[in-house]
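Reminder, nothing fancy here: chain letters follow the sequence lines and each chain counts from 1.
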Number of protein chains: 2
Amino acid sequence: MVADTAPTHRPDSATATAQWVADILRDRIVKGVYPPGSRIVERKISAELEVSRTPVREALKLIDADGLITISRNKGAQVLQYGAEEALALFDVIASLESLAAERLAERIDPETLDRLEEMHDRMLTYHKVGNHSDYFDTNSEIHDLIVGACGNPIVTETHRKLMARARRRRFLAIMKPERLQEAVAEHEEPMQALRAGDADGAGRIWRRHLLHTGATVAALL
Amino acid sequence: MVADTAPTHRPDSATATAQWVADILRDRIVKGVYPPGSRIVERKISAELEVSRTPVREALKLIDADGLITISRNKGAQVLQYGAEEALALFDVIASLESLAAERLAERIDPETLDRLEEMHDRMLTYHKVGNHSDYFDTNSEIHDLIVGACGNPIVTETHRKLMARARRRRFLAIMKPERLQEAVAEHEEPMQALRAGDADGAGRIWRRHLLHTGATVAALL
DNA sequence: TCCGCTGATATGGCATGCCATTCTGGTGCG
DNA sequence: CGCACCAGAATGGCATGCCATATCAGCGGA
């Protein structure tokens, strides 16, 4: 998990260059290598990664579509600033989406998926007990992603993925707040029960509340 | 509203060419000029619109990000097929978003916005009474857009806009179904009352139900 | 007759170069 | 001393050309 900002020469030419560049830039933005407000210059990236400007341009367009940067003519790409207000707005939408996902998942969940969830849930609790925050965070993310991915609605999955790119870094901060940690763990127990019971309405409602809390915690940090 | 598929030579060079091309292509996809499954060839568009391939490529990337086409290496862009299942999934998400918007709007609505809504609502009813379906549809869309736009959450607005590009054409079909028309008009009355009363929870719930109905109607047509 | 191979063509991906606009720093006039 | 203007640099936008790969037609052998 070392910051591999080194070019590492593109893995293979089968992967589209533009996509490869986009992934690197996204990663750097999320990790804070390019702080909010900083400018990203096509020619710099192009030279550093040893590709032409064309794929860099296309990568920037992709990232722009994700809402991570703004592009202005002859002024280039700027990493978006964000404040408490935007964080609340973001989590309001994410909460709605995940709530919908939890609801739909509860309606259709199969034992196998439930088992995987239980296993992750236990694993997360263990990480929390031993204070392994990094793995705790990753497992937590996995749970959220599984719920969204298994809900049976690909549009939810896709939309969620795009929004999460904007939220992940902030969520990391929030979830690590010690007092929030305890709370969040508790908030994961209830929806598990609702899922076991197949209580769609409850699962959706409870999960949404959980995310709104996370959003409020993030916003409070800004 | 005549199909202006004619190039009309780009309006002014101030508008980015790529954006201009993207708008034209999006419009053609929505209007069905490029039917689902058909291929869009960079060089053809490039020649027809008298621009180079570069802005066309970038436009296609934008439309791909909107989820209207898929791009595969050396196979080009293909307009996405869609069936009943995808329509349901799409409207499930749109319903969640607009429900959130209605809820938040009810919490914060000012008299001025309420007036505009009332006016649109009346106008829509009039169009319906006299059987002016085209203007009815447009006003209906305006109402939905206003609710989403005035909810105070720009992320809702933005996400909604992208999803609507995929839904608009289908929604047009559905909304025009005679028996659905009657129903939809009725379903617009209730949320207006909730908004007048500032009943956030009710507005959200009712509006969501309305959209789920629309989605079901669309799905039934496919 | 049918299957497989091969070469031509179609098509997207990337590199490069030029142009328009904006930004910046310096200089001269008031 | 300050402000306006100008030139050059920085930067993105677009056009063009070459390359890699996928697709398809035609042909030859089994």
Exercise for the section: Give the nucleotide from the list dC14(D), dG12(C), dG13(C) with an atom nearest to the side chain of Pro55(B). Expected result: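 The closest nucleotide is dC14(D).
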Problem - Minimum-distance nucleotide to Arg73(B) side chain [options: dG13(C), dT11(D), dT11(C)] - result: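 Comparing dG13(C), dT11(D), dT11(C) against the side chain of Arg73(B), the answer is dG13(C).
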side-chain contact (heavy atoms from CB on, under 4.5 Å) partners of [X], counting only residues at least two apart:
X: Pro55(A); result: Thr17(A), Ala18(A), Val51(A), Ser52(A)
X: Leu212(B); result: Asp92(B), Ala95(B), Arg208(B)
X: Ala200(A); result: Glu103(A), Ala106(A), Glu107(A)
X: Leu80(A); result: Thr70(A)

[X] has an atom [atom1]; how far is it from atom [atom2] of [N], in whole Å?
X: Trp20(A); N: dG13(C); atom1: CH2; atom2: C1'; result: 15 Å
X: Ile71(B); N: dG13(C); atom1: CD1; atom2: C1'; result: 11 Å
X: Gln78(B); N: dA22(D); atom1: CD; atom2: C1'; result: 13 Å
X: Glu42(A); N: dA15(C); atom1: CD; atom2: P; result: 13 Å
X: Leu62(A); N: dG13(C); atom1: CG; atom2: P; result: 12 Å
X: Arg57(A); N: dA15(C); atom1: CZ; atom2: C1'; result: 14 Å
X: Ile45(A); N: dG12(D); atom1: CD1; atom2: C1'; result: 14 Å
X: Glu58(B); N: dG12(C); atom1: CD; atom2: C1'; result: 14 Å

Handout entry: Summary of salt bridge (charged side-chain N to carboxylate O under 4.0 Å, His left out) pairs that have at least one residue in residues 76-87 of chain B, sequence neighbours excluded
Key =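 The answer is Glu86(B)-Arg166(B), Glu86(B)-Arg170(B).
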Practice task
Kindly indicate whether the side chain of Ile40(A), heavy atoms from C-beta on, has any atom under 4.5 Å from the side chain of Gln78(A).
Solution key: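 Of all side-chain heavy-atom pairs linking Gln78(A) with Ile40(A), none is under 4.5 Å.
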Taking only N/O atoms, report every protein-nucleotides 16-18 of chain D pair under 3.5 Å with atom names and distance.
residue, atom, partner, partner atom, Å
dT16(D), O4, Thr54(B), OG1, 3.4

Exercise for the section: Pick base, sugar-phosphate or nothing for Ile40(B), based on heavy-atom distances below 4.0 Å to the nucleic acid. Expected result: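 Ile40(B): backbone/sugar contact only, no base atoms under 4.0 Å.
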Exercise for the section: Output yes when at least one side-chain N/O atom of Lys75(B) is less than 4.0 Å from OP1 or OP2 of dT23(D), else no. Expected result: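 Yes.
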Problem - Test side chain to side chain contact (heavy atoms under 4.5 Å, CB included) applied to Leu105(A) and Val156(A), Leu114(A), Ile147(A), the passing residue - result: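 Testing Leu105(A) for a side chain to side chain contact (heavy atoms under 4.5 Å, CB included) against Val156(A), Leu114(A), Ile147(A) leaves exactly one candidate, Ile147(A).
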